[in-house]
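Numbered from 1 within each chain, the chains take letters A, B, ... in sequence-line order. Just so you know, these numbers come straight off a predicted model, no measurement behind them.
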Amino acid sequence: MLRIAQTLEAQLRAAMQQAFPEADGELNPALGPASKPEFGDFQANGALALAKPLKQAPRQIAAAIVEQLRNSPEFSALAEAPDIAGPGFINITLKPSVLAAEVRQRIGDPRLGVAAVEQAEAPVIVDFSSPNIAKEMHVGHLRSTIIGDCLARVLEFRGHQVLRLNHVGDWGTQFGMLITHLKQVAPEALNTADAIDLGDLVAFYREAKKRFDDDEAFQTTSREEVVKLQGGDATSLKAWGLLCDQSRREFQKIYDRLDIRLSERGESFYNPQLPAVVDDLRDSGLLVTDEGAGCVFLEGVVGKEGKPLPLIVQKSDGGFNYATTDLAAIRYRLGAAGDGAERVIYVTDAGQAAHFAGVFQVAKRAGWVPAAASLEHVPFGLVQGDDGKKLKTRAGDTVRLKDLLDEAVERAQADLRRRLEEEERQESDSFIDQVATTVGLAAVKYADLSTNRITNYQFSFERMLALTGNTAPYLLYAVVRISGIARKGGALDGELPEQLVFEEPQEWALIRQLLQLDAVISEVESDLLPNRLCTYLFELSQSFNRFYDQVPVLKADEPMRSSRLALCRLAADTLKLGLSLLGIPSLERM
RNA sequence: GGGCAUGUAGCUCAGUUGGAUAGAGCGUCAGAUUCCGGUUCUGAAUGUCGGGGGUUCGAGUCCCUCCAUGCUCGCCA
């Protein structure tokens, strides 16, 4: 309905201009969706803002605008006569014939009325997931991976050329630590593939980190090891390559399971560009050496004792750090010699907000950000347990992502088996496996996506797997119900009747909901808030269930039967598309 | 101490450029079922939108202040 909204907006603007030519320039219809169904489809609040400059009562202004609209044949073709309500709202209700025509247009359309961007222009980069090599993926990677994938899917569906980049932590101090430690305790791991398994590697990593924190000599050796690696030392590079390969295969198992596609381009990719980044900063006069480190002092950010806060781009030992890498990445991603992107989206936890603000500022001051390009940090909150604290295992360890997904699927399966028993249903093991896997993983994804990402999020298997409420199972069930109608003889892809006939309020409510899809997707595209899409799909499911409960489909007479089947088809297609944009596959039965 | 974020019903959370009587789910209570999968639907109760001030015709939304919680503050990422 975006197209209709745009048309109405233009008509309202013209009506305002005709009614109040003297107020030209500040006329804004303030058109939005109606705040309640009883107010119609749209409401225009523009009359209220004009009260002061025009020195007239807002209702009087609204009346003058409505008068113009009534005289407009173009407006009358779209909408009923508008109402004036409250202090001066103009309520607009679309004609049933217009809504029915919109429905008809969407049926069978693979894009369901969602426009694609004009041209495949410069790419959009979504930087997400980004685990660290030599570590297992844990609950801390969950949100970035799921949210980033969803945003990428939405942008891709809109027709953007999306680069899904996995900025893995495959470089830096951590490798110095790990390689130094392994040289001493498990040297075979540094020249033989898979000499030790990943679980052990993680344990070694923990030990190395502990030594690094406690032992100054070890710290120095580790730093030297980093410099060797960054300098291209053959032995170090080989060891590094082996560790990366091993981790990469483990990550891929998780990505395959979650159906997530990513192109790996780790921190190491930017290594050759780091000296040039610092040189550029020096040439542009931004670089200051302070306490032996290469710094760019940030504008508008004050640290302790009123001193400006530096962004360190070269450590006093000559090494580079993550700020340097992130700057190199920006330069490469936005630069014509690199990706030439127009928008770069970083999906990382909110704790890094200050870091990105600093890096973005320096990149802009260095002139690496073209006017048309944008850098956006998409922050999200912590995953917390039921106790409101950071999620941990009972033993107090970090929760491995694999274990978390396993448990979700196991719980979904136990729940399914119990229900099958209660209902005395017989299903094959492969059916049970497939449904439990889909439901379990869908529940994890949906629970994460359905809350506003900025706040912390309380993780609860029980809540996310619940069959009622705003959960993945509830949405999946709505799709299953429609499939049920198809199985019982309702050909969903049958010929459309000459005229679609709708007469029940539940049908109109469902139609209005269905026609919101394009507006919701465009909102997610700009605000990068997947929970808006979730809310929409949940409300759509509710509208459908109300319709399903109160309006018979298969038993109805023609032409209502065909019209209702068409609504079912559009509802199923919309739900399936919406779920797929969340990264969730649908089921025929469950 | 500085910066950023958060604070909305018993619980988990929505609330889109400031707009009509602040919403939903869960839970609670009361109902519905000859019917396409009841994993459903209908209805009820529940609020100092953290406190206080301000701007405005109008504030959960913007500004100031205070309180609480979390994150962060120079060589990890």
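For the pair A:I485 CD1 and B:C35 C1', the interatomic distance rounds to 11 Å; values are reported in whole Å. Here the P atom of nucleotide B:G15 and the CG atom of A:D527 are 10 Å apart, to the nearest Å. The nearest whole Å value for the distance from the CD atom in A:E504 to the P atom in B:C41 is 18 Å. Between A:F459 atom CZ and B:C11 atom P the separation is 22 Å, expressed in whole Å. Rounded to an integer number of Å, the gap from A:N45 CG to B:U56 C1' is 15 Å. When the C1' atom of B:C35 is taken as reference, atom CZ of A:R564 falls 13 Å away, rounded to whole Å. As rounded to whole Å, 16 Å separates atom P of B:U6 from atom CZ of A:F380. Spacing between atom CG of A:N456 and atom P of B:U12 amounts to 12 Å, rounded to whole angstrom units.
The cationic atom of A:R589 (NZ for Lys, CZ for Arg) lies less than 6.0 Å from the six-membered ring centre of A:F431 and within 45° of the ring axis.
Across all strands shown, A:C568 has no heavy atoms under 4.0 Å from either base or sugar-phosphate atoms. Note on A:Q174: nothing from the nucleic acid sits closer than 4.0 angstrom, heavy atoms only. Residue contacts for A:R532: at a heavy-atom cut-off of 4.0 Å it reaches the sugar-phosphate backbone alone, with no base atom in range. Residue A:F538 is in sugar-phosphate contact alone, with no base atom involved, counting any heavy-atom pair closer than 4.0 Å across all strands shown. Among the atoms of the strands shown, none is found under 4.0 Å from any heavy atom of A:D349. Looking at heavy-atom distances under 4.0 Å, A:D326 makes no contact with the nucleic acid at all. At the heavy-atom level, A:G169 lies nowhere under 4.0 Å from the strands shown. Looking at heavy-atom distances under 4.0 Å, A:E523 makes contact with a base. If you check every strand for non-hydrogen atoms under 4.0 Å, A:K209 touches nothing. Within the 4.0 angstrom heavy-atom criterion, no nucleotide atom of any strand lies near A:A353. At the heavy-atom level, A:A51 lies nowhere under 4.0 Å from the strands shown. Within the 4.0 angstrom heavy-atom criterion, base atoms lie near A:V551. Among the heavy atoms of the strands lying under 4.0 Å from A:Q542 are primed sugar atoms or P, OP1, OP2 only; no base atom is included. Within the nucleic acid shown, A:V301 has no heavy atom closer than 4.0 Å to any nucleic acid atom.
Only the C1' atoms considered, B:U65 is 23 Å distant from B:C71, to the nearest whole Å. With both ends at atom C1', the span from B:U56 to B:C63 equals 12 Å, rounded to whole Å. The separation of B:C29 from B:C13, taken at their C1' atoms, amounts to 23 Å, rounded to a whole angstrom. When the C1' atom is compared between B:C11 and B:C57, the two are found 38 Å apart, to the nearest whole Å. Across the P atoms, B:G15 and B:A9 are found 15 Å apart, a figure rounded to whole Å. Nucleotides B:C76 and B:U69 are separated by 31 Å at their P atoms, to the nearest Å. The gap from the C1' atom of B:C64 to that of B:U17 amounts to 23 Å, rounded to the nearest Å. Comparing the P positions of B:A30 and B:C66 gives a spacing of 50 Å, expressed to the nearest Å.
For the pair A:E422 and A:R418, the salt-bridge criterion is met [side-chain N within less than 4.0 Å of a carboxylate O]. Salt-bridge annotation for A:K210 and A:D214: present, with a side-chain N of the basic residue lying under 4.0 Å from a carboxylate O of the acidic one. Between A:R143 and A:D349, no side-chain nitrogen of the basic residue sits less than 4.0 Å from a carboxylate oxygen of the acidic one, so the salt-bridge criterion is not met. Ion pair A:E207/A:R211 not flagged as a salt bridge, since none of the NZ, NE, NH1 or NH2 atoms sits closer than 4.0 Å to an Asp/Glu carboxylate oxygen. Here A:D557 does not pair with A:R561 in a salt bridge; the nearest charged N to carboxylate O distance is not below 4.0 Å.
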Nucleotide N/O to protein N/O under 3.5 Å, stretch nucleotides 27-32 of chain B:
none

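Under 4.0 angstrom from either OP1 or OP2 of B:G23 there lies no side-chain N or O belonging to A:S35.
Nucleotide B:A14 forms no Watson-Crick or G-U wobble pair with any nucleotide shown, as no partner meets the under 3.5 Å limit on both distances.
At a threshold of 4.5 Å between non-hydrogen side-chain atoms, the residues A:R223 and A:V227 do not count as touching.
Counting all heavy atoms, side chain and backbone alike, A:V313 lies closest to A:F320 at O-CD2, 3.5 Å.
Taking only distance into account, the side chain of A:D170 never meets the base of B:A77 through a donor-acceptor pair shorter than 3.5 Å. For B:G74, its base sits under 3.5 Å from the side chain of A:K307 at one donor and acceptor pair at least.
A side-chain donor from one of A:Q43 and A:S35 sits under 3.5 Å from a side-chain acceptor of the other. Side-chain atoms of A:Y346 and A:D326 include no donor-acceptor pair closer than 3.5 Å.
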